[in-house]
Structure formats: structure tokens, C-alpha cells
Amino acid sequence: MASSEEDGTVEEKENNNKKRTKSTLATAWLTFYNIAMTAGWLVLAMAMTRFYIQKGTHKGLYRSIARTLKFFQTFALVEVGHCAIGIVRTSVIVTGVQVCSRIFMVWFITNSIRQIQSEESVILFLVVWTVTEITRYSYYTFKLLNHLPYFIKWARYNLFIVLYPVGVVGELLTIYAALPFVRRSGMYSMRLPNKYNVSFDYYYCLIVVMLSYIPLFPQLYFHMLRQRRRMLHGEVIVEKDD
Ligand SMILES: CCCCCCCCCCCCC[C@@H](O)CC(=O)SCCNC(=O)CCNC(=O)[C@H](O)C(C)(C)COP(=O)(O)OP(=O)(O)OC[C@H]1O[C@@H](n2cnc3c(N)ncnc32)[C@H](O)[C@@H]1OP(=O)(O)O
């Protein structure tokens, strides 16, 4: 009996040690990740500011930052993994929709259609994303380091109220501007007859993507409003399992 109790204690201790090692590793990784992402978006902010000051126009700005933007925005896919393996307490679906829609904007719209890269709407969503991500990743970093200044917490849970809809307007206007080019070029589309017997029209796909903002965006926005109430006003909110 005594030995089985001892065994139990040893097992428990081992389990606790394993959990502690796991959470130390997770915290170390998240701290590194968030610092790297804050730095990445700060580099983007500086590059955009420098470009605008030097050239006095936004034309050509996207090209000048495209590589850095593609790298850091694509790397954000890791966040879906964080949720999936449970090292951050966020929904995989909410994070997935947020990250995938951004990656879609970068790779399949802005990067693919040269003619729209100098649209004002591109600059609009780029500036909004940059401000959001610098705030968000620095919030996570300071929180992990247990030194969170109130103004960063305030910014994280207030700026989105304006930035989210403005970012969405920038994204939708950009997709709208892309439509005529997509229709004319037939890019990413498959017409019948072909050997796979499949037809796909990217033009209509973009219209569906634009329409999907109607049900999806309010869900993300209300999720953030609930997070705001929880974080700034300490409300206990029971979320439905998404
Ligand atoms: C393939 C084609 C797809 C086409 C789809 C088309 C439809 C698209 C509709 C969607 C429109 C999106 C538009 C969007 O791109 C526009 C903009 O972004 S504009 C800029 C404004 N945006 C924002 O403000 C973004 C707000 N969104 C977010 O912050 C996140 O994306 C979101 C997932 C929504 C955040 O939610 P979350 O629940 O994570 O909030 P919290 O920050 O409060 O975090 C909760 C807890 O998790 C901890 N956490 C999360 N991440 C980390 C991390 N990296 N490191 C450490 N800890 C992390 C956090 O600390 C919280 O912990 P705790 O609860 O313990 O305090």
C-alpha cells in the first residue's frame, strides 16, 4: 500500500514536472514568437513611413514592402497551430478565419494583381493591419513577461473598435478593384472543356468571398467586443464552444 502510494506520488510528481516543462517551453516559444512578430510589423511600419517620406506618394509602396509583408503575414499561420495544440486559449476557428482571410488578401489578391497594388485601399488596410499587429503582439509579449503597461492593454482592446471596420472597408474595396482585372484575365479560373471536367471562375469566387464578410466579420467583431468586456471590465463571459 505504502509503495503504491509512493508510486502515485512519484507519478504525480513526474506528471507535474512534465507539465511544468511543457508550459515553460510554450511560454519561451510564445515570447520569442511575439517579439519576432512585433519586430516584423515595426520594420513594416518604418519601411512604409520611410517610403512615403522619401517618395511623397503611396505608388510603389506595396512593391517595396511586399516581401516582408508576405513573410510575416504568412508566418501568422503558426497561430492557428498554437490554438490547435492548446498553448493559447483562443478558438481555432476565429483565429483561422482571421489569419486565412489576411493570407488570401496578401497572396491571392494584392500580390497576384499588379494593377491594384497602388490603390489607396491597399494602403488603408496595410496601415490598419500594421497598427493592429504592433499593438497585439506587443500586448502578448508584455503580458507573457508579466509587465503589461495599461496603455497597451487599453490600445489592444479599444483600437479595434475603429480599426476593424476600417480594415474591412480597405480589404473589400481592394477586392472590388480587382474584379475587372480578374474577369478580363481569367486568372485562377478553369473553363470547360478541360481534361478534369471541372469549371471554376475566380471572378465569382471573389464575389462569394466579399459576401462572406457579411456573416463572418460580425462574429469576429463581437468576439473582440466580448474579449474587451472580459479584459477591461472583468466581466465573466461564458462563450459557446466554437
Ligand atoms: C480562404 C479565403 C477566406 C476568405 C474569408 C473571407 C471572410 C473574412 C471575414 C473576416 C474579416 C477579417 C478582416 C480583418 O483582416 C481586418 C483586420 O484585421 S483590420 C485590423 C483590426 N483587426 C483586429 O483588431 C484584429 C482583431 N483580431 C484579433 O486580435 C485576432 O485575430 C483574434 C483571433 C480575433 C483574437 O482573438 P483572441 O481570442 O485571441 O483574443 P485575445 O488577444 O484576447 O487572446 C485570448 C487569449 O489568448 C492569449 N493569446 C492569444 N494569442 C497569443 C499569443 N500569440 N501569445 C500569447 N498569448 C496569446 C491571450 O493572451 C489571451 O489569454 P488570456 O485569456 O489568458 O488572457
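From a predicted model like this one, the values you see are computed outputs, not experimental measurements. Just follow the structure's listing: the first ligand is 1, and inside any ligand the first atom is 1.
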| query | Is the closest heavy-atom distance from Y157 to ligand 1 below 4.0 Å? | reply | yes
| Would you say V43 and I65 make side-chain contact, with heavy atoms under 4.5 Å? | no
| field | S212, any N or O under 3.5 Å of ligand 1 N or O | value | no
| query | Is the number of heavy atoms from other residues, nucleotides or ligands within 6.0 Å of OH (Y52) greater than 12? | reply | no
| task | Look at atom 61 (C) of ligand 1 and find which of R102, Q73, M231 reaches it with the closest heavy atom. | result | M231
| query | Do any nitrogen or oxygen atoms of T90 come within less than 3.5 Å of a nitrogen or oxygen of ligand 1? | reply | yes
| Where the side chain of Q117 meets the backbone of T110, is there a donor-acceptor pair that is under 3.5 Å apart? | yes
| request: Please check if I116 and M210 belong to a single hydrophobic cluster, counting links between Ile, Leu, Val, Met, Phe, Trp and Tyr side chain heavy atoms closer than 4.5 Å. | output: yes
| message | Can you classify the ring geometry of F71 versus F75 as parallel (below 30°), tilted (30 to 60°) or perpendicular (above 60°)? | response | parallel
| message | Is M105 close enough to touch ligand 1? Criterion: a residue heavy atom under 4.0 Å from a ligand atom. | response | no
| request: Please write down residue, atom name and distance for the protein heavy atom closest to atom 54 (N) of ligand 1. | output: N34 OD1, 3.1 Å
| task | Measure up the F200 and Y202 rings against each other and bin them: parallel (under 30°), tilted (30 to 60°), perpendicular (over 60°). | result | tilted
| Polar contact flag for R89 and ligand 1 (N/O pairs, less than 3.5 Å) | yes
| query | With a 4.0 Å cut-off, would you call R183 and D201 a salt bridge? | reply | no
| remark: Closest to atom 31 (O) of ligand 1 among protein heavy atoms sits Q98 CG, 2.9 Å
| field | Under 3.5 Å: N/O of Q227 near N/O of ligand 1 | value | yes
| field | Polar contact flag for Y33 and ligand 1 (N/O pairs, less than 3.5 Å) | value | no
| task | May I ask you to check if ligand 1 and E171 share an N or O to N or O distance below 3.5 Å? | result | yes
